[in-house]
Amino acid sequence: MPTLTRWFVKASLVYFIAALLSGVILALRPVLDLPGFLNALGPVYFHLFMVGWVSQLIFGVVYWMFPKYTSENPRRSESLAWATWGLINLGLILRTLGEPLVAAKPGAGYGWVLATSAILQWLAGLAFVANTWGRVKER
């Protein structure tokens with residue numbers, strides 16, 4: 001298994017646990033009368049689950065298992081794949097921090113955190129597609 005695949009899979013497992021924890025906190029919020037800004041964990045939960053766990057698990061398996069691009073360059077661009085990993089994780093971390101910040105202090109100007117997060121995740125998606133597209137071919 002390539003090193004990058006291990007990084008994607010291990011990161012996805014960490015985000016899976018974090019998503020489940022945020023789900024527990026969301027469920028306990030009304031029972032324990034937790035602060036209202038924790039409602040911001042709804043989008044955080046969704047992003048941790050879908051982008052953090054599902055997408056990264058898929059990215060890692062695709063990088064490892066899809067057909068070879070060429071025999072000399074089987075996985076296409078390793079540097080672009082690492083950039084994908086870095087961009088998606090940085091974007092996800094910013095999203096996880098930004099949602100509660102914006103919810104806790106709506107007019108404080110933290111919207112740039114969410115915008116930056118979205119741009120980084122979009123760039124990660126573009127990088128993934130660019131690196132994978134040539135590996136989707138007939139035999």
Side-chain angles (χ1 to χ4, degrees):
M1 179 182 296
T3 301
L4 179 60
T5 293
R6 289 194 311 271
W7 279 73
F8 269 120
V9 170
K10 286 182 178 185
S12 78
L13 294 173
V14 169
Y15 288 123
F16 179 61
I17 295 302
L20 292 176
L21 177 61
S22 64
V24 167
I25 293 169
L26 280 168
L28 290 175
R29 197 186 71 68
V31 174
L32 300 178
D33 197 30
L34 297 173
F37 77 88
L38 288 177
N39 285 336
L41 288 182
V44 170
Y45 168 75
F46 178 78
H47 275 81
L48 288 172
F49 191 78
M50 292 307 298
V51 177
W53 181 49
V54 175
S55 295
Q56 288 204 71
L57 188 59
I58 291 168
F59 287 9
V61 171
V62 164
Y63 183 73
W64 176 28
M65 301 294 293
F66 264 38
K68 293 179 181 177
Y69 182 62
T70 65
S71 26
E72 301 82 36
N73 195 10
R75 293 187 176 88
R76 207 147 185 199
S77 171
E78 186 173 355
S79 59
L80 188 56
W82 277 108
T84 301
W85 187 88
L87 289 166
I88 201 164
N89 282 287
L90 183 56
L92 190 53
I93 290 166
L94 285 177
R95 183 72 184 226
T96 302
L97 298 172
E99 287 289 350
L101 275 174
V102 169
K105 299 180 180 188
Y110 291 118
W112 68 269
V113 176
L114 296 179
T116 303
S117 163
I119 291 167
L120 291 172
Q121 290 178 56
W122 178 68
L123 290 173
L126 290 177
F128 172 74
V129 169
N131 205 38
T132 304
W133 192 270
R135 293 177 68 186
V136 180
K137 55 188 172 188
E138 291 186 40
R139 289 189 165 229

Next item on the list: Please name the pair of heavy atoms, one in G91 and one in Q121, separated by the smallest distance, quoted to 0.1 Å.
Entry: O-NE2, 3.3 Å
Note to self: Do V54 and V129 land in one hydrophobic cluster if side-chain heavy atoms of ILVMFWY residues count as linked below 4.5 Å?
What the structure shows: yes
Check: For W133, does the CH2 atom have more than 12 heavy-atom neighbours from other residues, nucleotides or ligands under 6.0 Å away?
Finding: no
Check: Should the heavy atoms of other residues, nucleotides or ligands under 6.0 Å from CZ of F16 be counted, would the total exceed 12?
Finding: yes
Notebook entry, point to check: Can you tell me how far the CZ atom of F8 sits from the CH2 atom of W85, to the nearest 0.5 Å?
Noted result: 8.5 Å
Check: Would M65 and L4 show up in the same hydrophobic cluster when neighbours are defined by side-chain heavy atoms closer than 4.5 Å?
Finding: no
Item checked: Contact summary for G98 and V113, nearest pair of heavy atoms -> CA-CG1, 3.6 Å
Checklist line | Test item: Y15 and H47 side chains (from C-beta on) under 4.5 Å apart, heavy atoms | finding: no
Checklist line | Stepwise side chain to side chain contact (heavy atoms under 4.5 Å, CB included) check, R95 with V44 | finding: CA-CA 7 Å; R95 183 72 184 226; V44 170; 5.6 Å; no
Margin query: Please determine whether residues I17 and W53 belong to a single hydrophobic cluster, defined as Ile, Leu, Val, Met, Phe, Trp and Tyr linked transitively by side-chain heavy-atom distances below 4.5 Å.
Written below: yes
Note to self: Are M50 and L123 connected into the same hydrophobic cluster when the rule is that any two of I, L, V, M, F, W, Y join if their side-chain heavy atoms are below 4.5 Å apart?
What the structure shows: no
Check: Can you find a pair of side-chain heavy atoms, one from T132 and one from F66, that are under 4.5 Å apart?
Finding: yes
Notebook entry, point to check: Got L120 and I88 here, is their nearest side-chain heavy-atom distance under 4.5 Å?
Noted result: no
Margin query: Under a 3.5 Å distance rule, please check whether R135 uses its side chain to pair with a backbone N or O of K68 as donor and acceptor.
Written below: no
Margin query: With rounding to the nearest 0.5 angstrom, report the CD to OH distance, Q56 to Y63.
Written below: 14.5 Å
Checklist line | Side-chain heavy atoms of L92 within contact of S117, under 4.5 Å | finding: no
Check: Going only through I, L, V, M, F, W and Y residues with side-chain contacts under 4.5 Å, is there a path from W122 to I58?
Finding: no
Check: Do S77 side-chain atoms and N131 backbone N/O form a donor-acceptor pair below 3.5 Å?
Finding: no
Note to self: With rounding to the nearest 0.5 angstrom, report the CD1 to CG distance, I25 to L41.
What the structure shows: 6.0 Å
Margin query: With rounding to the nearest 0.5 angstrom, report the CG to CG distance, L87 to L80.
Written below: 9.0 Å
Note to self: Check whether S55 reaches the backbone of G52 with its side chain - one donor and one acceptor, N or O, closer than 3.5 Å.
What the structure shows: no
Note to self: Nearest 0.5 angstrom please: W82 CH2 to T3 OG1, how far?
What the structure shows: 6.5 Å
Item checked: Y69 six-ring face occupied by R76 cation (under 6.0 Å, within 45°) -> yes
Next item on the list: Nearest 0.5 Å please: distance from the CG atom of L13 over to the CG atom of L57.
Entry: 7.0 Å
